[in-house]
Amino acid sequence: MDPLSDPLQQKEVAHEDPLTAADMETQSPAPVQATTPAAPPAVAAPVSAAPAPAPAATPVPPPKTTPAPTVAETQPTTPAPSTAPAAEPTLPAAPAAPVLCRRLAMEAAIEQERPRYIRLERIPQIMDSLRQAFQSGITRPLEWRLGQLRQMKQMMDENMDKWNRALMADLHKSAPNAFLQEIGLILTDLKEAIASVKSWMSPTTVATPVAQVKGITTSRVHTEPLGLVLIISPWNYPLSLALQPLVGAIAAGNCAVLKPSELSPNCSSLLADLVPRYLDARCVAVAEGAVPETTALLEQRWDHIFFTGSTDVGRVVYQAAARYLTPVTLELGGKSPCIVAADADLKIAARRIASGKFMNVGQTCVAPDYVLVDPSIEAALVQALKEVIPQFYSPYPKNCSDYGRIISARHLQRLQALLAEDAHELTLLHGGVAVDLDDLYMEPTLVKCSPQFQGRLMREEIFGPILPIIALPNLVEESIKFINARPKPLSLYVYTNAHATAERITGACSSGGFCINECVLHLQNSALPFGGVGASGMGMYHGKYSYDCFSHHRAGLDKAKIFDVDLRYPPYTDAKMAKLRPLL
């Protein structure tokens, strides 16, 4: 693969990063920045129990352009005391972000990590070493697998504060969110794998046809490790989307190279430090790096590649894998729709939609990307969402520990552009103004657009805290047409009290997974497979599905030497065929 012509050179390997090549041009537009107003000392008025009529919507104003900060403005200063109402802590909060602005701190962290990137000339050496370790049989015994899984659990348990600090530094994830969104999911998979890997490894007996002399023939499905696997993980959930696949790879008895995202440098650095300390360095390696390093890794011969990221980069990975006919798992994304029928419970729908959308500030592959709603309840749904947002994140989300940050200034500028480019066709319903480029902050935003709107906001995966709301008459049938006219999404959400409505929509629209009257939670159930379909990905994992993902399922047949009849052997006379046909 020529790295100069490789699309990876125009795009970071990052989860759900739907940037075009134009976004990577060196002559980028001037930063667009607006600063969140300071919170007033008065406490916000309580939310009324009965939803008030939605206020008149206003057109989306284009973001105000302000000059980039001077050197003096970016020096550390003593922050003014916050006048926002203090939230009562429920769990110990992660350490506060440094006084230096978040944008510069992230850029400095990325630069600081560059010297630790894997040297390109070392990649073939590491591959040879890992392949020799696999061929020696180290990883096959149950004892090795259990030992490594227990070491992974110990790594998670003993470094909880370090994981929290890294996630706070990269994405402003508080300790509760770090556990609920990442650490807890990893621990759940580890506990299940430790308890079940012995049974997973055991051959499964299946039925034997009568023609093969059932009773003296045994048919079994055996699982064996694939070999040397590459796991390329993204920045939006930099721990769970790196370590959950690794749990499956180790449980299945593979050697693995983990390539974390360079855009979450603190988590990448921590993984590179801790994984070799706890896991068998002969069999598991971490390769830090950016586009050149990822390109060099993809040029190697792997036995499986597991990639989580954008659809565009997924195509690059798929093309690289085709060189060696390497099987791949592609966990991609897309525009996951949310349908709210007229009979839906609006209070529950609003709470669950807002929670799923604004978790990790919308940087979630299964977040609701847009809402299709019955026109008769559009205003009520908008009002319910506007009420629940401050309930979750306070009237000033910038001061809320549960509200995260955009990963980089470039991603934030892209979100601003999605609103600004088609402002004349959008109606601002909530937020959309308070943006702080230095803090990588964008407030929760609701916009209204027509079903005919064809702007970037409805062509690209949003991957940020912007939620378009579209009213569709004849909702059920029109929403089916609307969804099926677009690439297959990773998730589909339907809010309705009518079972027939839910069955009609989920049966007519293909997606990686779906929830009825819920949002996002299907991926937290390890008994359910998680994966995409079509443009949203291929393959699945979580729980035992992760073990299966990294295993070859091998057919095995064992037959006794007795009862060797001539009927099965040539020549096949009419008399023989008359006896064989009923058995087949």
Side-chain angles (χ1 to χ4, degrees), residues 16-20 310-315 318 330-342 344 349 353 356-357 362 364-378 381-382 414-415 417-419 421-427 429 446-464 466-496 498 500-516 519-520 522 531-538:
E16 309 308 335
D17 180 6
L19 298 173
T20 62
S310 70
T311 300
D312 287 342
V313 181
R315 292 189 180 96
Y318 204 7
L330 301 178
E331 298 293 341
L332 308 177
K335 297 183 74 65
S336 297
C338 180
I339 299 96
V340 183
I353 293 170
K357 176 62 179 180
T364 305
C365 59
V366 292
D369 195 88
Y370 60 92
V371 173
L372 303 177
V373 60
D374 190 285
S376 65
I377 60 165
E378 178 190 7
L381 176 63
V382 169
R414 173 188 163 274
L415 292 170
L418 291 181
L419 291 177
E421 289 179 7
D422 300 291
H424 61 288
E425 296 186 66
L426 303 173
T427 302
L429 302 173
L446 307 175
V447 295
K448 178 181 179 178
C449 55
S450 71
Q452 293 75 35
F453 176 67
Q454 296 293 325
R456 284 179 60 197
L457 194 68
M458 288 304 297
R459 294 198 313 269
E460 301 177 6
E461 182 178 9
I462 295 171
F463 222 62
I466 305 171
L467 183 62
I469 297 175
I470 302 170
L472 277 181
N474 189 18
L475 179 68
V476 174
E477 298 306 319
E478 290 303 315
S479 65
I480 291 172
K481 294 178 184 177
F482 192 94
I483 294 166
N484 289 340
R486 290 158 173 78
K488 295 179 180 180
L490 185 55
S491 293
L492 169 67
Y493 306 113
V494 181
Y495 289 86
T496 178
T501 298
E503 286 289 304
R504 171 68 179 133
I505 295 174
T506 57
C509 300
S510 178
S511 64
F514 67 86
C515 293
I516 299 172
C519 187
V520 176
H522 61 299
V533 59
S536 60
M538 62 181 68

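Position 1 is the first residue of the sequence; numbering continues from there.
- E425 is not listed as a side-chain neighbour of Q454, based on a closest heavy-atom distance of 4.5 Å or more.
- Between V366 and S491 the shortest heavy-atom distance is CG1-OG, 3.2 Å.
- With rounding to the nearest 0.5 Å, the separation of CD in E503 from CD1 in I516 is 6.0 Å.
- Contact record, F463 with C365: CE1-N, 3.7 Å, taken as the closest heavy-atom pair.
- With hydrogens and angles ignored, the 3.5 Å screen pairs no side-chain donor or acceptor of S510 with any backbone N or O of K488.
- Between G532 and E331, the shortest heavy-atom contact is N-OE1, 4.1 Å.
- To the nearest 0.5 Å, atoms CD (E477) and CG (L472) are separated by 12.0 Å.
- Side-chain contact, D374 with S376: a donor N or O sits under 3.5 Å from an acceptor N or O.
- Taking the six-membered ring wherever Trp is involved, the centroid distance between the rings of Y370 and F453 does not fall below 6.0 Å.
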Does I353 form a side chain to side chain contact (heavy atoms under 4.5 Å, CB included) with V340? I'd like the steps, not just the answer. CA-CA 10 Å; I353 293 170; V340 183; 3.8 Å; yes

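- Using modelled atom types, no side-chain atom of T364 and backbone atom of A367 make a donor-acceptor pair closer than 3.5 Å.
- Under the 4.5 Å side-chain criterion, counting only non-hydrogen atoms from C-beta, I462 is in contact with K335.
- Atom-to-atom distance recorded for R456:CZ and D422:CG is 8.5 Å, nearest 0.5 angstrom.
- The shortest heavy-atom contact between A508 and N484 is O-ND2, 3.2 Å.
- Between V476 and T496, every side-chain heavy-atom pair lies at or beyond the 4.5 Å cut-off.
- Between P489 and P337 there is a side-chain heavy-atom pair separated by less than 4.5 Å.
- For the residue pair A535 and L332, the shortest heavy atom distance occurs at O-CD1, 3.5 Å.
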Could you please spell out the steps behind the side chain to side chain contact (heavy atoms under 4.5 Å, CB included) verdict for Y493 and V520? CA-CA 9 Å; Y493 306 113; V520 176; 3.9 Å; yes

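- Note that CZ of R504 is 12.0 Å distant from CD1 of I339, once rounded to the nearest 0.5 Å.
- The environment of F514 atom CZ is sparse: at most 12 non-hydrogen atoms of other residues, nucleotides or ligands sit within 6.0 angstrom.
- In this structure, Y495 OH and L381 CG are separated by 10.0 Å, a value rounded to the nearest 0.5 Å.
- Nearest heavy-atom pair across P451 and A471 is CG-O, 3.6 Å.
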Assess whether side chain to side chain contact (heavy atoms under 4.5 Å, CB included) is satisfied between V382 and I469, documenting all intermediate values. CA-CA 8 Å; V382 169; I469 297 175; 3.9 Å; yes

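- Within the model, atoms CD of E478 and CD1 of I470 stand 12.5 Å from one another, a figure rounded to the nearest 0.5 Å.
- A side-chain donor-acceptor contact under 3.5 Å links K357 to the backbone of I466.
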